[in-house]
Amino acid sequence: MDNDTYFMAVAVLAAKWSPDPNTKVGACIVNPDKKIVGIGYNRMPNGCPNGSLPWARESEDPLGNKYLYVCHAELNAIMNKTSADVKGCTIYVSLFPCNECTKIIIQSGIKDVIYLSDKYKGENTTKASKKMLDLAEIPYRVFLPASKEIVIDFGEIAPGLFGNPPADPPAD
Ligand SMILES: O=c1[nH]c(=O)n([C@H]2C[C@H](O)[C@@H](COP(=O)(O)O)O2)cc1CO
Ligand SMILES: [Zn+2]
């Protein structure tokens, strides 16, 4: 597996933990030594219990929309960093960063962005992101997977857990 596939797969796996019922986003920050220094996914702020804030996208209640509260995957990945800073790092994101995340990415010193989906490319938030990244000379490129899916096969590591006894060692 090549580096991009591995790190994007980590971002996509992180996204699976998101409680957002509509769009689950994951981010994985990698330093120049190819070590992961931050992972994040979109979720409500720490300390806000599940269910205490809304996941609605369009509510008549002005305080009833998730957008006021949700912490984006990129913000969480940067805040969760295990290194002193993320200068010179690459961020792998499952969705093109919004303008607010882009500001944080730029200010944090991240040097490039690799994304999977650009489903909001028509939105002004995404256009503003690209404008800022272009001005700041931070390259962004799409990750084109070699296959639609990769499989994590627990049974390959521990076949005995799934009713398949490990193969006999070869006879002498
Ligand atoms: O850069 C991003 N990072 C990120 O975590 N998100 C999150 C915020 C929301 O929880 C969700 C988008 O929700 P929706 O597709 O329903 O509008 O994705 C959204 C973006 C860009 O839109
Ligand atoms: Zn964002």
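Remember, it's 1-based here, ligands and their atoms both numbered in the order they're listed. Model, not experiment: these values are computed from the prediction.
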In degrees, rounded to 10 degrees, what angle do His72 atom ND1 and Cys101 atom SG make at the Zn ion (ligand 2)? 110°
Compute the centroid of each ring, for Tyr140 and then for Phe96, and state whether the two points are separated by less than 6.0 Å. yes
Point-to-point distance, once rounded to the nearest 0.5 Å, from CD1 of Ile78 to CD of Glu74: 7.5 Å
If you measure from the Lys or Arg side-chain nitrogens to the Asp or Glu carboxylate oxygens, is any gap between Arg141 and Asp4 under 4.0 Å? yes
Taking 4.0 Å as the limit for heavy-atom contacts, which would you say applies to Lys66 with ligand 1: side chain only, backbone only, both, or neither? side chain
Give the atoms of ligand 1, by number and element, whose distance to some non-hydrogen atom of Asn22 is under 4.0 Å. 14 (P), 15 (O), 16 (O)
Got the closest protein heavy atom to atom 8 (C) of ligand 1, with its distance? His72 NE2, 3.3 Å
Atoms in ligand 1 with a heavy atom of Tyr120 nearer than 4.0 Å: 14 (P), 15 (O), 17 (O), 22 (O)
Arg57 contact mode with ligand 1 (heavy-atom cut-off under 4.0 Å): side chain
Measure Asp20 to ligand 1 on non-hydrogen atoms and call it side chain, backbone, both or neither using the 4.0 Å cut-off. side chain
Above 12 or not: heavy atoms from other molecules or residues under 6.0 Å from CG of Leu135? yes
When rounded to the nearest 0.5 angstrom, what distance separates NZ in Lys35 from SG in Cys89? 12.0 Å
May I ask you to check if ligand 1 and Glu74 share an N or O to N or O distance below 3.5 Å? yes
To the nearest 0.5 Å, tell me how far Thr90 OG1 sits from Asn31 CG. 9.0 Å
